[in-house]
Each structure stands twice: as structure tokens, then as C-alpha cells.
Visitor: 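Can you read through this structure? Questions will come right after.
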Amino acid sequence: MSIGFYFDEAKCMGCRSCQVACKDRNNLPVGQLFRHMISYETGTYPDVKVFHQAKTCNHCASAACVANCPTGAMQYADDGAVVHDDEVCIGCGTCVNSCPYEVPLLDEAESIARKCDSCKALRDAGMNPVCVDACPMRCLDFGEIGDLKAKYGDFDAKRPYLPSPDMTSPSTMIKPRTGIGADSEIAFVIL
């Protein structure tokens, strides 16, 4: 089974509701985010375009964080989500350094790594991840990749601002914004 996120760049207005909902749900301190919004500017005047990307764990099928974790703290849940076991984590940061998407973060106060688990406890109770329900534009969805492809179409995750999907087989579908091609040059990044 392969589960993951669907993200529609064309609908996203960069409001950060998904980011705030995730931060609140996970009670994250200042400076820590599991889902973060990044805005990109492409083109040159007078043909400038802005688009937004809501980034989080891609729950990769060949996750580098899982493969490189020396204690097994990073692991696959029974549904295919990449999850973290706080009790087993030694805070070494290997997962942080292994992930090409820069997803896991080191919580120095807790001496452990942390990351998005796609709200596994909520999903086990039949609910959506909080970021999905918080999006006012409904540009986020989560589920089995086959179901998401049937619902939205099959989209290539290759984008100029993401590492090659060949590295880890990310379980993320990104519907690109019209006029922003996979070969578009990013002129400016707004964090």
C-alpha cells in the first residue's frame, strides 16, 4: 500500500492555514514546523509569476531517513506512512542529514528528531490530517496514491525546486500551476 499527499499548486493561495493547523496539532515550539509554506517567484518583468508550495514529509517508499536511522526510530507504519518512535530515538540527527527534502528536524530541547506522521492517530480514527481539513482552497488531500490518481489524475512530482523523485520514490502528487513548468527557473524564494 502506498499512501501520501496530493497538492494542487494552482489552487494554493499561500495562506499558511495548513502550516498553522499542523503546528497547533503537534504543539510545536517557535522555529519548528512539520508543514511549511514556501512561495516562489519565476520569470522576469513584466512576465512574473508567483506560486506556493506546502511542503511536508513525502512518506517516501524508499525513505532515506528510514534506511539510515541507526536505531529504527524512523520506520514504516502498517499503512506505509513514515513515522517516528520517540522512545527509540537517540537524537543523533542521521535522519535529518539523510533526507533530501530536509523534513525531519532535531528537537534539541527533547533530544530527539521529529517529523510529520500524516496525523496517523487521527487517520486511524477515520479523520483526515489536520492540514487537509484546514485548507480553505481544498488544495490538499491525503490517501492511497491509487485513489488520489483516480480522483485527480496522475501528476509528475518532478519540480525544479525538489530533489529527483528517483532518489526516494516520494508518495506525493503535485498538480503543477499552469505556466510553471518543470523546467522553470526559480528567480526568488519567499520563506
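Just so you know, these numbers use all the heavy atoms, side chains as well, and skip hydrogens, waters and symmetry mates. Numbers here are sequence positions counted from 1.
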Visitor: Mind listing the closest non-hydrogen atom pair of A63 and V82 along with its distance?
Guide: CB-CG2, 4.0 Å
Visitor: What residue pairs, at least two apart or across chains, pass ring pair (Phe, Tyr, Trp, His ring centres under 6.0 Å) with a residue in residues 7-31?
Guide: none
Visitor: Does the side chain of T42 reach to within under 4.5 Å of the side chain of F51, using non-hydrogen atoms?
Guide: yes
Visitor: Report yes if some heavy atom in the side chain of C18 is under 4.5 Å from a heavy atom in the side chain of M37; otherwise report no.
Guide: yes
Visitor: Check for me, please, whether M74 and V83 land in the same ILVMFWY cluster - side-chain distances under 4.5 Å, paths through other members count.
Guide: no
Visitor: Quick check for you: to the nearest 0.5 Å, what is the distance between E144 atom CD and K149 atom NZ?
Guide: 11.0 Å
Visitor: Side chains of Y101 and C57, heavy atoms from C-beta outward: is any pair under 4.5 Å?
Guide: no
Visitor: Is the shortest heavy-atom distance from the side chain of C60 to the side chain of P170 under 4.5 Å?
Guide: yes
Visitor: Would the distance check show the side chain of Y76 and the main-chain N or O of A61 forming a donor-acceptor pair, the cut-off being under 3.5 Å?
Guide: yes
Visitor: Under a 4.0 Å threshold between the charged nitrogen and the carboxylate oxygen, would K115 count as salt-bridged to D117?
Guide: no
Visitor: Sequence neighbours left out, cut at 3.5 Å: what donor-acceptor pairs do the side chains of residues 123-143 make with other protein atoms?
Guide:
unit_1 : atom_1 : unit_2 : atom_2 : d
R123   : NE     : S118   : O      : 2.8
R123   : NE     : S118   : OG     : 3.1
R123   : NH1    : D79    : OD2    : 2.7
R123   : NH2    : D79    : OD2    : 3.0
R123   : NH2    : S118   : OG     : 2.9
D124   : OD1    : K120   : NZ     : 2.9
D124   : OD2    : K120   : NZ     : 3.3
N128   : ND2    : D133   : OD1    : 2.9
R138   : NH1    : D133   : O      : 3.1
R138   : NH1    : C135   : O      : 2.3
D141   : OD2    : K151   : NZ     : 3.1
D141   : OD2    : Y152   : OH     : 2.6

Visitor: Could you give me the CA-CA distance, side-chain angles and deciding distance for N26 and Q32, then say whether side chain to side chain contact (heavy atoms under 4.5 Å, CB included) is met?
Guide: CA-CA 10 Å; N26 292 289; Q32 290 186 8; over 6 Å; no
Visitor: Applying side-chain hydrogen bond (donor to acceptor under 3.5 Å, both in side chains), name anything that partners N27, two or more places apart in sequence or on another chain.
Guide: none
Visitor: Do L105 and L28 sit in the same hydrophobic cluster, where Ile, Leu, Val, Met, Phe, Trp and Tyr count as joined when their side-chain heavy atoms come under 4.5 Å apart?
Guide: yes
Visitor: Any side-chain heavy atom of R114 within less than 4.5 Å of one from P104?
Guide: no
Visitor: Are Y6 and K175 packed together at the side-chain level, in the sense that at least one heavy-atom pair is separated by less than 4.5 angstrom?
Guide: yes
Visitor: Do S39 and H52 have side-chain atoms, one donor and one acceptor, less than 3.5 Å apart?
Guide: yes
Visitor: Roughly how far apart are D107 CG and S111 OG, rounded to 0.5 Å?
Guide: 8.0 Å
Visitor: Go through the structure and list residues passing salt bridge (charged side-chain N to carboxylate O under 4.0 Å, His left out) with D24, not counting sequence neighbours.
Guide: none
Visitor: Once side-chain hydrogen bond (donor to acceptor under 3.5 Å, both in side chains) is applied, do any residues pair with H36, and if so which ones, sequence neighbours excluded?
Guide: none
Visitor: Taking the side chain as every heavy atom from C-beta outward, state whether F5 and R35 have any pair of such atoms under 4.5 Å apart.
Guide: yes
Visitor: Rounded at 0.5 Å granularity, tell me how far CG in N58 sits from OG1 in T168.
Guide: 6.5 Å
Visitor: How long is the gap from OG on S171 to CG on L148, to the nearest 0.5 Å?
Guide: 10.0 Å
Visitor: When rounded to the nearest 0.5 angstrom, what is the spacing between CE in M173 and CD1 in I145?
Guide: 6.5 Å
Visitor: Do H59 and S2 have side chains that get closer than 4.5 Å, going by heavy atoms?
Guide: no
Visitor: Check residues 65-72 and write down every donor-acceptor pair under 3.5 Å in which the side-chain atom is one partner and the other belongs to a residue at least two apart or another chain.
Guide:
unit_1 : atom_1 : unit_2 : atom_2 : d
N68    : ND2    : A64    : O      : 2.9
N68    : ND2    : S98    : OG     : 3.4
T71    : OG1    : A73    : N      : 3.3
T71    : OG1    : V88    : O      : 3.3

